[in-house]
**Q** 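The structure under discussion is supplied below as structure tokens; questions concerning it will follow.
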Amino acid sequence: MKLPKRTLLMTVLSIILALSFSTAAFAHPSLIFPKGTSSNPAYISNAPDFFAWNQSPSDNEAEMFLSASNGFHYTVSTSYPAGKTYGNFYLSQGMKDALPRNTPIRVSIKTYSNSVFTGSDTGYFVIQN
């Protein structure tokens, strides 16, 4: 049986479109703040209230790692219902007070979908005092 060219073309396009949507569900997270690099960190005047990132709607778990060259490090993880296209971690006042000043701080976010790693992103910032 020979398919008409239009039917064949529509079938191929449908398959490509379906694959693009299925792979989009596993997009890597992207930090919204901080977005600085190791050679050009984001300079801020006060400790941040939260960290935020874009993520895939299928993500339902995240880990955040903070570290600095002075030995400071902090790790936190959370789980949440899938469906959000962003994630955030709010910092307590004690955590904001504990962040080092005038030292580059590295923040890394890792996201997961049902315990399967979906990606990570890293940013740098300096709290100036």
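Owing to the predicted nature of the structure, the values given are computational and were not obtained by experimental measurement.
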**Q** Give the cluster check for Ile44 versus Val126: same hydrophobic cluster or not, with ILVMFWY residues linked at side-chain heavy-atom distances below 4.5 Å.
**A**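 The answer is no; the residues belong to distinct hydrophobic clusters.
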**Q** If I compare all heavy atoms of Pro104 with all of Ala68, which pair ends up nearest, and what's the gap?
**A**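 Looking at all heavy atoms of both residues, the closest pair is O-CB, 3.6 Å.
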**Q** Looking at every heavy atom in both Val107 and Pro34, which two are closest together, and how far apart are they?
**A**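 Residues Val107 and Pro34, closest heavy atoms: CG1-CG, 3.1 Å.
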**Q** Taking only residues two or more places apart in sequence or in another chain, which ones pass side-chain hydrogen bond (donor to acceptor under 3.5 Å, both in side chains) with Asn70?
**A**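 For Asn70 there are no side-chain hydrogen bond (donor to acceptor under 3.5 Å, both in side chains) partners, ignoring immediate neighbours.
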**Q** Looking at side-chain heavy atoms only, is the closest gap between Asn114 and Ser58 below 4.5 Å?
**A**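 No, too far: nothing below the 4.5 Å cut-off.
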**Q** Mind checking side-chain contact (heavy atoms from CB on, under 4.5 Å) for Ile32 and listing every partner two or more places apart, or none if nothing turns up?
**A**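 Once residues adjacent in sequence are excluded, the partners of Ile32 under the side-chain contact (heavy atoms from CB on, under 4.5 Å) criterion are Ala52, Asn54.
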**Q** For the pair Ser79 and Glu61, evaluate side chain to side chain contact (heavy atoms under 4.5 Å, CB included) and give the outcome as yes or no after the intermediate values.
**A** CA-CA 4 Å; Ser79 60; Glu61 302 169 53; 4.1 Å; yes
**Q** Not counting sequence neighbours, list each pair that qualifies as a salt bridge (Lys or Arg N to Asp or Glu O under 4.0 Å) and has a residue in residues 32-48.
**A**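 Matches after skipping sequence neighbours: Lys35-Asp121.
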**Q** For Ile109 and Gln55, run side chain to side chain contact (heavy atoms under 4.5 Å, CB included): C-alpha distance rounded to whole Å, both residues' side-chain angles, the deciding distance at 0.1 Å, then the answer.
**A** CA-CA 10 Å; Ile109 187 74; Gln55 66 181 21; over 6 Å; no
**Q** Nearest heavy-atom pair of Ile127 and Ser45: which atoms, and what distance?
**A**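 Nearest pair, atom of Ile127 first, then Ser45: CG2-O, 4.2 Å.
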**Q** With Ser120, which residues qualify under side-chain hydrogen bond (donor to acceptor under 3.5 Å, both in side chains), at least two apart?
**A**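 None.
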**Q** Say you draw a straight line from CZ of Phe125 to CG of Leu99; how long is it, rounded to the nearest 0.5 Å?
**A**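 Going from CZ on Phe125 over to CG on Leu99, the span is 5.5 Å.
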**Q** For residues Met95 and Val76, determine if any side-chain heavy atom of one lies less than 4.5 Å from a side-chain heavy atom of the other.
**A**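 A side-chain contact is absent here, since even the closest heavy-atom pair is not under 4.5 Å.
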**Q** Sort and list the pairs that fulfil salt bridge (Lys or Arg N to Asp or Glu O under 4.0 Å) and have at least one residue in residues 74-91, not counting sequence neighbours.
**A**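 Checked against salt bridge (Lys or Arg N to Asp or Glu O under 4.0 Å) - neighbours excluded - no pair reaches residues 74-91.
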**Q** For Leu91 and Pro48, work out which heavy atoms get closest and say how close.
**A**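 So the minimum-distance heavy-atom pair works out to CD1-O, 3.3 Å.
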**Q** What side chain to side chain donor-acceptor pair (under 3.5 Å) pairs are there with at least one residue in residues 87-107, not counting sequence neighbours?
**A**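 The answer is Asp49-Lys96, Gln93-Asp97, Arg106-Tyr124.
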**Q** Applying side-chain hydrogen bond (donor to acceptor under 3.5 Å, both in side chains), can you list everything that pairs with Ser69, at least two apart in sequence or on another chain?
**A**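 Expected list: none.
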**Q** So, Thr118 side chain and Ser113 main chain: donor-acceptor pair closer than 3.5 Å or not?
**A**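 The answer is no, because no donor-acceptor pair under 3.5 Å joins these two groups.
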**Q** Apart from Tyr112 itself, which Ile, Leu, Val, Met, Phe, Trp or Tyr residues share its cluster (side-chain heavy atoms under 4.5 Å, direct or through members)?
**A**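 So far as hydrophobic clustering goes, Tyr112 is joined with Phe117.
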**Q** For residues 39-48, which residue pairs qualify under salt bridge (Lys or Arg N to Asp or Glu O under 4.0 Å), counting only residues two or more places apart or in two chains?
**A**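 Pairs touching residues 39-48 that pass the test: none.
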**Q** Any ring pair (Phe, Tyr, Trp, His ring centres under 6.0 Å) involving residues 62-89? Give me the pairs, sequence neighbours left out, ordered by first then second residue.
**A**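 Only Trp53-Phe89 qualify under ring pair (Phe, Tyr, Trp, His ring centres under 6.0 Å).
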**Q** Which residue pairs pass the salt bridge (Lys or Arg N to Asp or Glu O under 4.0 Å) test with at least one member in residues 62-73, sequence neighbours excluded?
**A**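 Every candidate salt bridge (Lys or Arg N to Asp or Glu O under 4.0 Å) pair involving residues 62-73 fails, so no pair, neighbours aside, qualifies.
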